[in-house]
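Okay, so here's the structure we're looking at.
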Amino acid sequence: MTNNRLIMYHNPLCSKSQETLQILENRNLSPDVVEYLVQPPTRQELKEVIEMLGIPARDLLRTNEQVYDDAELDDDTLTDDEIIEAICQHPKLMQRPIVISGTQAIIGRPPTRVLEILA
């Protein structure tokens, strides 16, 4: 997916996402910024991101979004593919920000976590 590129899944209205981007820019890094609410990731991209993060698909969900309740995503029997499909349909369900550096990814919560993959 990325080779040595630096990619950031970004929501410009999110303060954590803004802070993470600032941390990168303060280090003279210019990530390829993907505004995922405008340009949602594909199923394949999400699968790759989840694999790089080393988390179950469920951990990528923002459980405080109304669409999470509306779509009944608290159902523990949902498969990773079903969760990924829900995120594709409703990208605001995706945790943010996500920074990818090479084959590593991290969710920037708190924003300073991004430093873990920049070394």
CG/N26 to CD/E19 distance, rounded to the nearest 0.5 angstrom?
11.5 Å
For residues 27-39, tabulate all N or O donor-acceptor pairs below 3.5 Å that involve a side-chain atom, not counting sequence neighbours.
unit_1	atom_1	unit_2	atom_2	d
R27	NH1	I23	O	3.3
D32	OD2	R5	NE	2.8
D32	OD2	R5	NH2	3.0

For K47 and I84, which heavy atoms make the closest approach, and how far apart are they?
CG-CD1, 3.6 Å
CE of M94 to CD1 of I50: how many Å apart, nearest 0.5 Å?
9.5 Å
Residues in salt bridge (charged side-chain N to carboxylate O under 4.0 Å, His left out) contact with R62, at least two apart in sequence or another chain
E65
I106 CD1 to L118 CG distance, which is reported to the nearest 0.5 Å
9.0 Å
Of all heavy-atom pairs between M52 and I100, which one has the smallest distance, and what is that distance?
SD-CG2, 3.7 Å
How long is the gap from NZ on K16 to CG on L21, to the nearest 0.5 Å?
15.0 Å
Across all chains, not counting sequence neighbours, the salt bridge (charged side-chain N to carboxylate O under 4.0 Å, His left out) partners of R113 are E116
For L78 and R58, work out which heavy atoms get closest and say how close.
CB-NH2, 3.9 Å
Have a look at L60 and tell me which of I83, D80, I87 forms a side-chain contact (heavy atoms from CB on, under 4.5 Å) with it.
I87
What are the two closest non-hydrogen atoms of P40 and E45, and how far apart are they?
O-OE1, 4.4 Å
What pair of heavy atoms forms the shortest contact from V99 to I117, and how long is it?
O-CD1, 3.4 Å
Can any side-chain N or O of T79 pair as donor or acceptor with the backbone N or O of E82 at less than 3.5 Å?
yes
Looking only at side-chain N and O atoms, does Q22 offer a donor or acceptor that is under 3.5 Å from a partner on Q18?
no
Does any N or O in the side chain of R43 come within less than 3.5 Å of the main-chain N or O of E85, such that one atom is a donor and the other an acceptor?
no
To check you understand the geometry: which heavy-atom pair defines the closest contact between A105 and I98, and what is its length?
CB-CG2, 4.5 Å
